[in-house]
Amino acid sequence: MLGAIIGDIVGSIREWRNIKTEDFELVPRGSRFTDDTVMTLAVAEWLMADPNHRPETLVAILIPLEP
């Protein structure tokens with residue numbers, strides 16, 4: 001999970017750019033988490049909260065009715 005979040009942040013400013021070099025600043029200014037991190041955390045919450053992993057509970061976590 002941590003690796004996914006770190007990878008999301010590191011790659012956030014490179015998204016949609018075809019960069020082939022391994023010579024880059026690891027966490028440059030402007031890096032941030034994206035919707036990928038938010039969705040990863042929501043799925044993790046679902047897996048821990050609902051032992052039966054029902055689709056309707058996943059939907060309730062992803063699209064809450066109350067803020």
Side-chain angles (χ1 to χ4, degrees):
M1 170 100 55
L2 267 178
I5 294 169
I6 291 168
D8 184 41
I9 293 168
V10 169
S12 65
I13 67 161
R14 296 172 187 88
E15 196 168 23
W16 306 110
R17 296 187 182 114
N18 192 10
I19 298 173
K20 302 254 184 203
T21 181
E22 293 179 9
D23 183 27
F24 59 85
E25 188 177 354
L26 187 59
V27 185
R29 174 170 280 160
S31 297
R32 60 181 184 78
F33 71 92
T34 70
D35 61 325
D36 295 343
T37 292
V38 175
M39 297 303 277
T40 298
L41 293 172
V43 170
E45 179 183 343
W46 172 63
L47 291 171
M48 292 185 298
D50 181 4
N52 297 317
H53 308 314
R54 294 169 294 158
E56 55 273 10
T57 57
L58 176 59
V59 170
I61 288 171
L62 294 175
I63 308 170
L65 296 177
E66 297 179 18

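Keep in mind it's a predicted model, so treat the numbers as computed, not measured.
Shown here for Glu25 and Arg14, the closest heavy-atom pair between the two residues is O-NH2, 2.5 Å. Across all their heavy atoms, Leu41 and Met1 have their closest contact at CD2-SD, 3.9 Å.
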Distance-only donor-acceptor pairs under 3.5 Å for side chains of residues 54-61, two or more places apart:
| residue | atom | partner | partner atom | Å |
| --- | --- | --- | --- | --- |
| Arg54 | NE | Asp50 | OD2 | 3.2 |
| Thr57 | OG1 | Trp46 | NE1 | 2.8 |
| Thr57 | OG1 | Asp50 | OD2 | 2.5 |
| Thr57 | OG1 | Arg54 | O | 2.8 |

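Judged by distance alone, with hydrogens and angles left aside, the side-chain atoms of Ser31 form no donor-acceptor pair with the main-chain N or O of Ser12 at under 3.5 Å. Here the side chain of Asp8 pairs no donor or acceptor atom with the backbone of Phe33 at under 3.5 angstrom.
Hydrophobic clustering (side-chain heavy atoms under 4.5 Å, transitive across Ile, Leu, Val, Met, Phe, Trp, Tyr) keeps Met48 apart from Val43. By the criterion of side-chain heavy atoms lying less than 4.5 angstrom apart, applied directly or through intervening Ile, Leu, Val, Met, Phe, Trp or Tyr residues, Ile9 is not grouped with Met39; the two fall into different hydrophobic clusters.
For Asp36, the side-chain hydrogen bond (donor to acceptor under 3.5 Å, both in side chains) test picks out no residue, with sequence neighbours left out.
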- [ ] Any chance you could lay out the side chain to side chain contact (heavy atoms under 4.5 Å, CB included) test for Leu47 and Glu45, step after step, and finish with the verdict?
- [x] CA-CA 6 Å; Leu47 291 171; Glu45 179 183 343; over 6 Å; no
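Applying the 6.0 Å contact sphere to CG of Asp23 captures no more than 12 heavy atoms from other residues, nucleotides or ligands.
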